[in-house]
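The structure appears right after this line, and notes come after that.
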Number of protein chains: 2
Amino acid sequence: MAMGRPRAFDADAALDQAMEVFWRHGYEGATIAQLTEAMGINPPSLYAAFGSKEGLLKAALDRYSAKRACWMEEILSAPTAREVAERMLMGTADTQTDPANPPGCLLVQGGLACGTGSENVPFELAARRAETENQLRDRFVRAKAEGDLKQTADPAALARYLSAVNAGMGVMASSGADREALRQVAAVSVKAFEEQSNS
Amino acid sequence: MAMGRPRAFDADAALDQAMEVFWRHGYEGATIAQLTEAMGINPPSLYAAFGSKEGLLKAALDRYSAKRACWMEEILSAPTAREVAERMLMGTADTQTDPANPPGCLLVQGGLACGTGSENVPFELAARRAETENQLRDRFVRAKAEGDLKQTADPAALARYLSAVNAGMGVMASSGADREALRQVAAVSVKAFEEQSNS
DNA sequence: CCACATTTGTAGTGCTCACTACATTATGGA
DNA sequence: TCCATAATGTAGTGAGCACTACAAATGTGG
């Protein structure tokens, strides 16, 4: 049977461009015109490949998550809970102020509150944030079992805390905080972990 | 001379309703139709009183800030820096999950990233957040002078930290975190202050 | 009671939005 | 070579957006 005309653009490269537009303007602030221009394609190609604006966002988020996965692996491989926290927050300070990306975090800026009809966008972003939090919690459960965290420590609470600080840094970065300011926040945050660690 | 027909609605009550719509849907997600319906007025009344959608947001933010002012006064009157932090974050945990309001924080949900033409909305919100941060910083400068904080403590960094955690809690609350979860975050966060406190 | 100033409700305005119809072009298989 | 299939570029589509023209309504000062 026939195979049809082949796609003339690289879907991953196009998704990277779309990701940046969503990152900079949020889901609702990003227009199809801006997206197609950044992706270098026309609307029909976008809809053929991704179905809808929301479908495009999900595809961009999948790619964002995939890119982040190896980064998280390295963080979680740190020997102690304290070091996991430090790598995580210091890494966040760097990436959220990296001029190669828009400032802040896509999972926060993308849209915390949306208009009627886009209610699942905040949901979708929250689910991705929760994924990171769960990874952290599992890591801290292990840290507690290994005696790295005190027996009184609550791994879920610590993961939530780290996740909250991470999101908070995203808010700060989105409003122009520089790398040094974010590193200060990270440094103070990590102190809360020393209280929960053995030695 | 003549004074014209008097306004038939209470501007402050209308602003409270508008505040809630912006809070729940964000600036861009809120439509004039939703706003006018919630405020119980028609578009011409809205534009006569507030000039534009952005003008309405600013007026709502002014009212939000005014309401928050006395709350902040009480927080800042706490005897120690540690207690300032605790009151602040515990209070945030409560208000951001108060069923009387939409979940989260208006200054965060309102819009971190906006579309072309609304660039100053994120700016405006950031300015209001910075106000709180400055109040905290001033309070911590005093705490340091009073010997309540260690001489090695950085008041600006601590204020930034508290501001970041506050924003992070807003992100969590917006995605459905319950009061207990936020209180856990607050409790962990406060531990970072004990490191910086004398005795 | 009357001119005047301002608000109100009705009913739109132009514009931009996400999305698509359609003819064309480019491939693989028979 | 010719058909089936699918992507592309052009040029829109209806819907919903922020905002407003206009006339009726409602108050004040003289």
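With distances taken from any side-chain atom of A:Pro44 to the nucleotides C:dT24, C:dT8, D:dT10, the minimum falls on D:dT10. Distances from the side chain of B:Ser52 to the nucleotides D:dT8, D:dC19, C:dT7 place D:dC19 closest. Side chain of B:Tyr47, nearest nucleotide from C:dT20, D:dA18, C:dT8: D:dA18. Closest contact between the side chain of A:Arg5 and the listed nucleotides C:dT6, C:dA26, D:dT10 involves C:dA26. Listed nucleotides: C:dT20, D:dC19, D:dG29. Nearest to the side chain of B:Ile32: D:dC19. The listed nucleotides are D:dA18, D:dA7, C:dT6; the one nearest the side chain of B:Thr31 is D:dA18.
Residue whose closest nucleotide on DNA chain C sits further toward the 5' end, between B:Phe9 and A:Lys53: B:Phe9. Taking the nucleotide of DNA chain D with the nearest heavy atom to each of B:Tyr27 and A:Ser45, the more 5' of the two is matched to A:Ser45.
What separates CD of B:Glu37 from C1' of D:dG16 is a distance of 16 Å, to the nearest Å. Atom-to-atom, CD1 of A:Ile41 to C1' of D:dT8 comes out at 10 Å; the value is rounded to the nearest Å. Distance, A:Leu35 CG to C:dC17 P: 11 Å, rounded to whole Å. In this structure, B:Asn42 places its CG atom 13 Å from C1' of C:dG12, rounding to the nearest Å. With rounding to whole Å, A:Leu56 atom CG is found 13 Å from C:dC19 atom C1'. For the pair B:Met39 CE and C:dG9 P, the computed distance is 13 Å after rounding to whole Å. The separation between B:Leu46 atom CG and C:dG9 atom P is 12 Å, rounded to whole Å. A straight line from CE of B:Met3 to P of C:dA3 spans 21 Å, rounded to a whole angstrom.
Salt bridge status for A:Arg139 with A:Asp148: absent, with no side-chain N to carboxylate O gap under 4.0 Å. Between B:Asp16 and B:Lys67, at least one side-chain nitrogen of the basic residue sits less than 4.0 Å from a carboxylate oxygen of the acidic one, meeting the salt-bridge criterion. Note on A:Arg128 versus A:Glu124: salt bridge recorded, some NZ/NE/NH1/NH2 to OD/OE distance being below 4.0 Å.
In this pair, B:Phe22 and B:Tyr27 present their aromatic rings parallel. The plane angle is below 30°, not in the 30 to 60° band.
When ring centroids are compared, A:Phe140 and A:Phe193 come within the 6.0 Å threshold.
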